[in-house]
Asker: 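The structure that follows is given in the form of structure tokens.
Predicted model only: the values in this text are computed from it and were never measured. So that the names make sense, note that chain A is the first sequence line, chain B the second, and so on, each numbered from 1.
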Amino acid sequence: MTIDSAHQGAVEVSDLNHVYGANGQTRKVLDGISLKVESGKFVSIVGPSGCGKSSLLMMLAGLTRPTSGAIRASGKPVDKPDPQRIGVVFQDASLYPWLSARDNVEFPLSLRGVDKAVRRDKAMDALALVGLEAFAENFPHELSGGMKQRVSIARGLVQDPPILLMDEPFAALDEQTRISMGDELLRIWDKTRKTVIFVTHGLSEAIYLSDEVLVMSGRPGRLLDRVEIDLPRPRNLEMMSTPRFAELRELLWQQIKS
Amino acid sequence: MSPKAVTIVARLAIVLAVFGAWELAPRIDLVDIRLLPPLSEVLATLAQLLSTAKFWSHLGVTLGETLVAFLIAVPLGAVLGILIAESRFASEVFKPLVFFVFSIPKSIFLPIFILLFGITFTQKIAFGVFSTIFIVMMTAFAAIDSVREDHLRVARSYGATMFQTVMRVYLPSMTPVLLEAIRLAMIFNFTGILLAEMYASREGLGNLIGAWGQGYQLKELLAAILLVSAMSILFNEFIRYYEIKCEHWRS
């Protein structure tokens, strides 16, 4: 398998280290992380809480500077947020309560001074993609948790970045909504073929969604393994009760436990 | 009737009962009519006062002082409060001090303001600002706390500049709390100005209220109380209308 690092949407991390210092004490958060994600792949990162998976994602997003190491996305180094290259969806939908769903989705475009009509069209397209065009004028407090997170995904996609980073986006949702949001995300991914890097602590969720699962260990965060998910696509809920699914889940569980 | 309608009717009934009792009690000799003139006579006095240029000039003095003190205290208090809350060091040093000073009744400082500034316009303004600025600063501390970390992070991840972050995240986040600051500021400010006028002044509504009280002019005194009450409630409700509109911004 060859990986063209200049390819649109590919992500490459080499020897990433991060040391967190506070009150005179230092703690190693990430230790020698190297990984490659091919363009258009759906890759999940799992690990125990506090293993630095979210920190890693914030570095991929250009929001945190690593102590050392290099990150390249679409062939270019990542040293600050670049929303046209990398979209981010956070754990809490983090919508602005004073803006309508559409204005929230338009927000990244309006920061760049994109023309109002263009902005509106793109926002409506993105809302249609997540199935919420009927709720464009609603405010966040009028939307359910799942709908808010869909608006947040639309906001991440509105500039059509080749890479979408998702930080435990469904963690705050109830089980049923989480499952249907997973299907929704797969549908969107299938349509857009973005590179998705998805941080979660849900093993089943990671297997169900991904092409590959990266397993991290805690304190300091190291990359333990990379597990290919060979379940066929499109995925469906029945697959969760197949022997192969259970086998993959067991494999991940054993590594995280140790 | 819906529960909401019941509440409104109950509220109206209480207000009407108070006004009704006010009208009737002196007329049936339940209270001394010299101490509590009936509401209708007080209202007639108020109408008569409002038809004289002299009363309007007193009212103008008070409203002018209130407005000037308000326009100084609110922006100054908000900016000072925000600057303090934004710096960790300044927060640790100044926040407790502001709380300490806030807990002291401001009225006891009034004689000092008179010694410093004399019985002047400046003295009224200075005391109005002094009465108000601490509550504004404390509300501004709360305003900064109401800006959510994740909202700032979203702005940063979409490449917002410092100016864009201030205009599009800080300001709207703080709006509900700042409206509250404006509302509370006006209560403290108006109180301070009226008190300063009642204590020592040559003109103004507070001056009239003080004089009418000493002269046993109950009709005029109560008319002024009604007027001040109505103005205060109106201003308060006007701001509260916008506060309620953005209530859901605080989550």
Asker: Is the Trp98(A) ring parallel, tilted or perpendicular to the Tyr96(A) ring (thresholds 30°, 60°)?
Answerer: parallel
Asker: Quick one about Glu197(B) and Thr62(B) (side-chain donor to acceptor, distance below 3.5 Å, no hydrogens or angles considered), yes or no?
Answerer: yes
Asker: Are the ring centres of Phe141(B) and Phe94(B) closer than 6.0 Å?
Answerer: no
Asker: Excluding sequence neighbours, so at least two apart, what forms side-chain contact (heavy atoms from CB on, under 4.5 Å) with Ile182(B)?
Answerer: Phe70(B), Val74(B), Phe235(B), Ile239(B)
Asker: Which residues, numbered in order, of residues 105-113 of chain A come under 4.5 angstrom of chain B by heavy-atom distance?
Answerer: Phe107(A), Pro108(A), Ser110(A), Leu111(A)
Asker: Under the side-chain contact (heavy atoms from CB on, under 4.5 Å) rule, collect the residues that match up with Ala126(B), sequence neighbours excluded.
Answerer: Phe113(B), Phe117(B)
Asker: Step by step, work out the salt bridge (charged side-chain N to carboxylate O under 4.0 Å, His left out) result for Glu243(B) and Arg240(B).
Answerer: CA-CA 5 Å; Glu243(B) 248 181 279; Arg240(B) 224 160 60 87; over 6 Å; no
Asker: Count the heavy-atom pairs under 4.5 Å between each of Ala160(B), Ser173(B), Gly159(B) and chain A, then report the option with the highest count.
Answerer: Ser173(B)
Asker: Is there a donor-acceptor pair under 3.5 Å between the side chain of Thr175(B) and the backbone N or O of Leu171(B)?
Answerer: yes
Asker: Looking only at atom types and distance, does a side-chain atom of Lys106(B) sit under 3.5 Å from a main-chain N or O of Val101(B), one as donor and one as acceptor?
Answerer: yes
Asker: Within the distance-only criterion (no hydrogens, no angle test), does the side chain of Asn104(A) pair as donor or acceptor with the backbone N or O of Ser100(A) below 3.5 angstrom?
Answerer: yes
Asker: Checking heavy atoms, do the side chain of Leu95(A), its backbone, both or neither come under 4.5 Å from chain B?
Answerer: backbone
Asker: Thr161(B) versus chain A, heavy atoms under 4.5 Å apart: side chain, backbone, both or neither?
Answerer: neither
Asker: Show the nearest heavy-atom pair for residues Ala61(A) and Val88(A), with the distance to one decimal.
Answerer: CB-CG2, 3.7 Å
Asker: Within residues 137-169 of chain A, which residues come under 4.5 Å of chain B, heavy atom to heavy atom?
Answerer: Phe139(A), His141(A), Arg155(A), Gly156(A), Gln159(A)
Asker: State whether the side chain of Ser131(B) and the backbone N or O of Phe188(B) hold a donor-acceptor pair below 3.5 Å, judged by distance alone.
Answerer: no
